[in-house]
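Beneath this line is the structure, given in structure tokens, with notes to follow.
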Amino acid sequence: MMLPLNIQEENGFLIMEDFPENCIFNKVKTGCGATTIALTNNKNYIVAVPTTDLVINKCYPTKDNNDNDLVWKKSEIIPGVSPVNPNLFGLYGRFTVSTKTKLKKFLNKEGVKKIICTYDKVEALISLINPQEFKFLTDEYHDLFKQYLFRHKAINGVLDHYNKFKSYCFLSATPIPEFVKPQIFKDMKEYVANWKTVDRITLYPYKSERAYETAAKIIKQYQDIGYFVLDGMKSEEAYFFVNSVREIKKILDKTNLTNDDCRIICADGEQNHYKLNGFEISNSASKPKRFTFVTCKAFEGVDFHSETALCFIVSNGYNEHTLISVDMDIPQIAGRIRTKSNPFRNKIVHIFNPKKVSYYVPLDIMIQELEKELAIAHKRALRYNSEPVEKDEREQEDAERNRLGSDTYIIKRDGKYEVNDMTAKLKLYLYWTIHIIYRSTEALQEAYETLGLSVVKGYEWDIAGEDIMKKILNPTQFRDYHKRFCDLKNKGTMLLDSEKQELETISTKHPILVEGYSKLGGKALKPLRTIKAIEAALEELEER
């Protein structure tokens with residue numbers, strides 16, 4: 001059940017002293033400073049987040065309290081106490097002896113203690129602290145669901161221990177949709193922030209045969225004239241949200257960008273270094289550059305600062321990793337640029353090429369199949385808990401279940417077997433995103449519309465016409481203006497007022513057409529389709 005919560009707000013930011021306890025808190029807006037509350041109030045907090053980059057972003061911010069830029073060398077960024085907040089400890093990566101020693105020293109000091117860690121560190125922390133001395137915040141909690149297939153051990157570590165703390169709160173601006181919400185969250189109270197101020201977000205869709213080529217075309221516009229114009233305003237910096245390093249490399253291959261021109265924020269692993277072939281891997285704390293490429297490593301919670309940056313989402317229907325979810329990912333990306341004075345802060349361009357499918361199983365049929373599978377799993381869990389089983393037989397079953405990992409619907413928690421519907425619901429959600437929403441341009445457009453129909457207030461979504469980006473990326477050529485000019489001139493005095501205005505606009509834009517018509521005549525001008533050809537004809541006329 002969703003319960004409205006009156007909040008304290010100022011200039012679009014939450015100014016609450018703390019969160020409601022033992023619940024889900026839907027903060028509605030991204031980038032509203034919610035995580036900062038837990039990291040700066042007078043309570044001991046463990047804050048669990050989905051990505052390493054989010055830990056780094058909070059421990060090594062790119063702005064100080066006076067809004068001055070901070071730039072960190074890669075060698076300076078290590079797990080441990082934040083250099084700007086002595087009460088904050090960042091925990092991620094390998095839990096080395098050195099990190100553990102620093103953490104024990106931090107825990108023994110006086111005063112308020114804050115630990116921000118990735119999901120996989122929660123289980124390790126439990127053995128080092130007294131959980132009842134800490135409140136527990138799971139940030140971007142929807143990622144416990146979205147990332148379950150490949151991070152089930154880390155996520156189970158959160159779900160096994162969250163209720164051992166003094167209190168808990170699951171925080172997100174884009175909570176799990178109700179039709180796929182796992183049972184563990186359905187049983188919790190859910191508070192929804194009741195914002196008085198509403199932000200307007202404009203989404204600019206653009207269908208492309210090859211999304212990566214369109215991205216490269218946009219980069220070329222930035223390079224050729226120094227900026228990209230949208231709604232009459234100039235953007236001098238671009239962020240490309242592309243959840244595939246291979247797709248990023250395709251874009252880079254179509255451009256002449258170098259490491260000096262761009263930064264790539266993705267997982268810093270050997271495989272990605274190989275894919276990028278010489279391009280460096282950065283993080284959100286690194287020095288900003290003109291072009292920034294971001295994978296899901298920094299889609300959520302990470303703060304970027306720029307006066308003129310415009311955000312572009314690139315989705316390839318034939319690469320499932322790049323299919324940005326309309327209900328969760330797009331609102332998250334909308335909050336990444338935090339500079340209030342940036343005129344593009346609430347504008348997003350979505351470049352996509354949907355995968356053409358001739359047939360798909362309707363969602364309601366998939367839901368029915370899922371319910372049957374889960375009903376059988378409930379019977380099995382009941383039997384496991386009630387029937388006496390030999391110890392060695394039970395151990396063997398548990399070992400087999402552990403080997404199955406995220407593919408099993410039964411999980412053992414606190415000594416009892418229960419249904420874990422996380423995998424089943426996630427597979428349904430992925431099917432809905434990949435095979436239903438991205439099956440066609442029309443289906444994606446319909447999904448956009450649902451953003452504006454949300455009963456939760458905080459955002460107003462405007463979906464711009466696709467013709468806006470078409471005009472920018474495929475501008476009217478001179479030959480088109482030439483043809484239209486000649487056609488309008490041939491109509492003589494029979495022009496409508498709108499046609500007179502159009503003729504005046506073309507004449508102002510291309511005065512050579514006026515000169516050519518005046519000196520050469522309409523019949524001679526018509527076959528001369530280029531500026532160069534008209535100039536040559538005018539020169540020849542003068543030489544006679």
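Every value quoted in this text rests on a predicted model; they were computed, and no experiment measured them. All residue numbers in this chain count up from 1 along the given sequence.
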Exercise for the section: Assess whether atom NZ of Lys254 is packed by more than 12 heavy atoms of other residues, nucleotides or ligands within 6.0 Å. Expected result: no
Practice task
Decide yes or no for Lys58 and Asp303: does some side-chain heavy atom of the first lie under 4.5 Å from some side-chain heavy atom of the second?
Solution key: yes
Practice task
Report yes if the distance between the aromatic ring centroids of Tyr438 and Phe352 is under 6.0 Å, otherwise no.
Solution key: no
Practice task
May I ask you to test the Leu125-Phe134 pair for a side-chain heavy-atom distance under 4.5 Å?
Solution key: no
Handout entry: Ser82 side chain vs Val84 backbone, donor-acceptor pair below 3.5 Å
Key = yes
Problem - Ring centers of Phe240, Phe293 separated by less than 6.0 Å - result: yes
Practice task
Taking the side chain as every heavy atom from C-beta outward, state whether Ile176 and Ile24 have any pair of such atoms under 4.5 Å apart.
Solution key: no
Problem - Approximate separation, where rounding is to 0.5 Å, of Cys117 SG and Asp120 CG - result: 8.0 Å
Handout entry: Within-4.5 Å side-chain heavy-atom neighbours: Phe344 and Asp231
Key = no
Problem - Parallel, tilted or perpendicular: rings of Phe241 and Tyr239 (30°, 60°) - result: parallel
Fill in the blank from the handout: residues 60-82 vs ring-ring contact (aromatic ring centres under 6.0 Å, His included), sequence neighbours excluded, gives Tyr60-Trp72
Exercise for the section: Say whether, by atom type as modelled, one donor and one acceptor occur between the side chain of Arg479 and the main chain of Thr530 under 3.5 angstrom. Expected result: no
Problem - Carboxylate-amine/guanidinium contact Arg484 Asp480, below 4.0 Å - result: no
Handout entry: Side chain to side chain, Lys109 and Asn87, heavy atoms closer than 4.5 Å
Key = yes
Problem - Pro20 side chain near Leu5 side chain, heavy-atom distance below 4.5 Å - result: yes
Problem - Pairwise side-chain contact, Asn353 with Lys207, heavy-atom cut-off 4.5 Å (strictly under) - result: no
Practice task
Report yes if some heavy atom in the side chain of Glu140 is under 4.5 Å from a heavy atom in the side chain of Gln147; otherwise report no.
Solution key: no
Handout entry: Any donor-acceptor N/O pair, Lys217 side chain to Leu473 backbone, under 3.5 Å
Key = yes
Practice task
Tell me, yes or no, whether the heavy-atom count around Lys73 atom NZ, taken from other residues, nucleotides or ligands under 6.0 Å, exceeds 12.
Solution key: no
Problem - Close aromatic pair by centroid cut-off 6.0 Å: Tyr222 and Phe228 - result: yes
Handout entry: From CH2 (Trp432) to CD1 (Ile437), nearest 0.5 Å
Key = 3.5 Å
Problem - Within 6.0 Å of NZ in Lys102, more than 12 heavy atoms from elsewhere - result: yes
Problem - Greater than 12 external heavy atoms within 6.0 Å of Arg290's CZ - result: yes
Practice task
For residues Phe145 and Phe185, establish whether the separation of their ring centroids is below 6.0 Å.
Solution key: no
Practice task
Would you please classify the geometry between the Phe106 ring and the Phe89 ring as parallel, tilted or perpendicular, with 30° and 60° separating the classes?
Solution key: tilted
